[in-house]
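Notes for the one structure printed next.
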Amino acid sequence: MGMTITEKILAQHAGRDSVSPGENIWIDVDVLMTHDVCGPGTIGVFKKNFGENANVWDKSKVVIIPDHYIFTKDTYANRNVEILRQFVKEQGLENNYFDPGSPRYKGVCHVALPEEGHTRPGEVLFGTDSHTCTAGAFGEFATGIGNTDAGFIMGAGKLWVKTPPTMRFVFEGELPPYLMAKDLILHIIGDIGCDGATYRAMEFAGDGVYGLNIEERMTLCNMVIEAGGKNGVIEPDDVTIDFVKSRTDKPFNVVRNDPGASFFVEKVYKTSEIIPTVAKPHSPDNRGVAQELSDIKITRAYIGSCTGGKMTDFKAAAAILEGQTCQVPTFIVPATTEVEKGLKETKRNGKSLYEIFEAAGAHIGPPSCAACLGGPEDTFGRLNGPEVCISTTNRNFPGRMGSKDSQVFLASPYTVAASSLTGKITDPRKYLS
Amino acid sequence: MEDIIRGKAFVLGDDIDTDQIIPAHHLVYKLDDGEESKKYGEFALSGVPESQSGLPQGKIPFVEKGEWQSEYKIIIGGKNFGCGSSREHAPYALNKAGAAAVVAQSYARIFFRNSVNGGYLIPFETANKINDQIATGDEIEIDVKSSTLKKVETGETFPLQPLGDIEEILKSGNIFSYAKEAGMM
């Protein structure tokens, strides 16, 4: 019987010919990523169990990307970055460390990893962040873990996993110009629920998916965790391979589904039947459509994060905000320094995206996770009171972006930008004729 | 691992995510510093909206203001307990506050794994919904060997799913002691 991409990658990393869903196996790890929130705890677990003077299992495979609490006066948060700095120095991990305040600083880890060539087809990536699943867009097995598992990998280079069955989601038909990957994934999560893929892999396929650029594919895989998924994955094609080759010289192994691979379920959607989609408070599976929520007034709009803070997201927002004025405070947070540079260098009708956002009255912050997960009180864009925010981020559980009294609606950059112009939730189609 | 876990229940609803278990701005304290790490106990479940905290009545704090230990030892949840982020601070915070077990219909994968591999608490699963049949403050007894949960006052019992694969890790303490015992480290 044939295997899925996920099963094949896991089998290869377990040194076996085949694996079946449900089997517990030990697999070798290609990359371990951690950041400032979970890095100090991971380092603590590693030292406690492997010894104060132990070395990480492979220096070239440990990547440390501080991104969560960077631009804050919080002394605990700053101390945590200092702990990472010391560890990097002690272990000689400088090549894979991106220090805040230095020209090497990157920003959001899930966007920084591919920019720096650390996401490659056929590999196994673990990270101490639930959105590590983003990297499945590159045809690899990528998932989030806690400090204990990460501390184990740091010393041993391997981890046990339960082989997940694969749910396959096929989008038929190229994306209409008013839809983005965010609409597709919110549509799926609304369909299967926020535990609809628990313990399972989610594979995306169909011409609606293969027509997406690499950043949009990342958005799809990024939110599988919001359906409980273990990993998201997309079979590599030329788009994937060209991107990866442009970022690394390291060889990689393209893995595809076997003919006859067996799927737990296959769901087929027609992109022409989907319209701009919104997740209402307080859960990513509380699905609505923008056109039916037009009476909901918002007090803030937010465009940023690993989910919605990439160049494709800002190009979409700029297409709507160009020459217009935001009616509510609108916060723009590029995911990484590379995206920030892109905002200044990419132009529309002679103006940079940065200039377009400034002219519309938006507030532009420095690259980091920022208010996507609330964070310290002085975090840029944080919801410190009963705000009603429409956001390109990934979660809207109570208090996710700050105050428990706030409400968060999740939507695509098109929908968020259109809503910013009216002060109410707005279907972007009227701005995209 | 104790054979019998007895204590007061703290009841919650469905989809209790990690931001409700330990809000993100608290993820900055040291986990291996005895004094500083008490803050995780202090703020455990502080992100749960008041009306949903300590069901069915609500408005019951899991940890009293200024304290870091809870009077509740067993948390009763619904579906998809621990969804959201990968922060191990979530089961850690519940453990720090004194919780020994969570009983829920289902779990998010990473929370479940962190609870077991870090040895913080036992995540029991139930076949049916039980968070509408137990009230916050009820005295509860869990018999680990026979996989049953009992309301002490009424004697009413509810079946729990067997622990399966994770039992050996929980018995060892955590994934490291398990791996050492199994000769893997």
Side-chain angles (χ1 to χ4, degrees), chain A residues 24 26 37-38 40-42 44-45 48-50 68-69 74-77 79-80 83 127-132 143-152 155-156 158 160 162 164 193-195 198-199 225-226 228-230 282-283 285 373-377 379 382 395 397-400 402 404, chain B residues 14-21 23-33 36-37 39 46-52 79-92 105-120 165 169 174-180 184-185:
Chain A
N24 287 320
W26 284 87
V37 167
C38 296
T42 297
V45 170
K48 185 179 166 200
N49 290 283
F50 292 95
H68 276 58
Y69 305 154
D74 188 289
T75 50
Y76 289 119
R79 177 198 57 193
N80 287 344
I83 292 172
T128 60
D129 191 288
S130 61
H131 291 110
T132 303
T143 193
I145 51 172
N147 299 346
T148 297
D149 282 345
F152 190 96
K158 58 186 176 183
W160 74 268
K162 189 171 209 157
C194 64
D195 59 354
T198 300
Y199 276 93
I225 183 67
E226 269 55 76
K230 182 173 203 152
H282 291 283
S283 180
D285 65 357
L373 77 163
E377 285 218 354
T379 300
R382 187 180 193 272
R395 286 191 187 125
F397 294 115
R400 167 68 178 179
K404 277 198 277 189
Chain B
D14 290 337
D15 300 325
I16 297 298
D17 81 298
T18 54
D19 279 289
Q20 296 181 65
I21 298 172
H25 56 283
H26 293 304
L27 302 180
V28 293
Y29 319 125
K30 273 192 175 170
L31 296 152
D32 53 6
D33 178 308
E36 191 176 319
S37 64
K39 285 184 179 288
S46 65
V48 178
E50 273 191 18
S51 64
Q52 298 299 307
K79 281 194 305 124
N80 202 26
F81 191 94
C83 59
S85 89
S86 66
R87 66 189 69 159
E88 191 161 310
H89 312 68
Y92 177 95
Q105 246 175 299
S106 63
Y107 292 88
R109 186 188 64 81
I110 310 177
F111 177 89
F112 186 85
R113 196 176 162 104
N114 287 342
S115 299
V116 173
N117 285 0
Y120 301 113
D165 290 346
I169 300 173
N174 60 42
I175 189 71
F176 284 98
S177 45
Y178 173 76
K180 278 171 195 158
M184 286 187 264
M185 281 179 71

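Owing to the predicted nature of the structure, the values given are computational and were not obtained by experimental measurement. Letters go in sequence order (proteins before strands), and every chain restarts at 1.
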Based on non-hydrogen pairs under 4.5 Å, which of [options] is most in contact with chain A?
options	answer
B:Cys83, B:Ala108, B:Gly84, B:Gly118	B:Gly84
B:Asp32, B:Asn174, B:Ile175	B:Ile175
B:Pro23, B:Ala90, B:Pro49, B:Ser106	B:Pro49
B:Gln20, B:Arg87, B:His26	B:Gln20
B:Gln52, B:Glu50, B:Lys180, B:Lys79	B:Lys79

Need one label for [X]: side chain, backbone, both or neither, based on atoms under 4.5 Å from any heavy atom in chain A.
X	value
B:Ser46	backbone
B:Ile169	side chain
B:Ile110	side chain
B:Tyr107	backbone
B:Phe81	neither

Looking only at heavy atoms, which two atoms of [X] and [Y] are closest? And how far apart?
X	Y	result
A:Lys162	B:Asp165	NZ-OD2, 4.1 Å
A:Phe152	B:Ala179	CE1-CB, 3.8 Å
A:Gly375	B:Ala24	N-CB, 4.3 Å
A:Gly151	B:Phe176	C-CZ, 4.0 Å

Would you say that [X] contacts [Y] through its side chain, given a criterion of any heavy-atom pair below 4.5 Å between the two side chains?
X	Y	value
B:His25	A:Asp74	no
A:Thr148	B:Tyr92	no
A:Tyr199	B:Phe112	yes

Heavy-atom contact with chain B under 4.5 Å, split by part of [X]:
X	result
A:Trp26	side chain
A:Asn80	side chain
A:Ala156	neither
A:Lys230	both

Any donor-acceptor pair under 3.5 Å linking the side chain of [X] with the backbone of [Y]?
X	Y	result
B:Asp19	A:Arg400	no
A:Asn147	B:Glu88	no
B:Lys30	A:Pro40	no
B:Arg109	A:Ile225	no
B:Asn80	A:Cys194	yes

Q: Can you measure from CZ (A:Phe397) to CD1 (B:Ile21) and round to the nearest 0.5 angstrom?
A: 10.5 Å

Q | From A:Asp195 atom CG to B:Gln105 atom CD, the distance as rounded to the nearest 0.5 Å | A | 9.5 Å

Between [options], which shows the greatest number of heavy-atom pairs under 4.5 Å with chain B?
options	result
A:Gly399, A:Gly41, A:Pro398, A:Gly155	A:Pro398
A:Cys38, A:Gly229, A:Gly146	A:Gly146
A:Thr198, A:Ile145, A:Thr128	A:Ile145

Q) Parallel, tilted or perpendicular for A:Tyr76 and B:Tyr29, by the 30°/60° rule? A) perpendicular

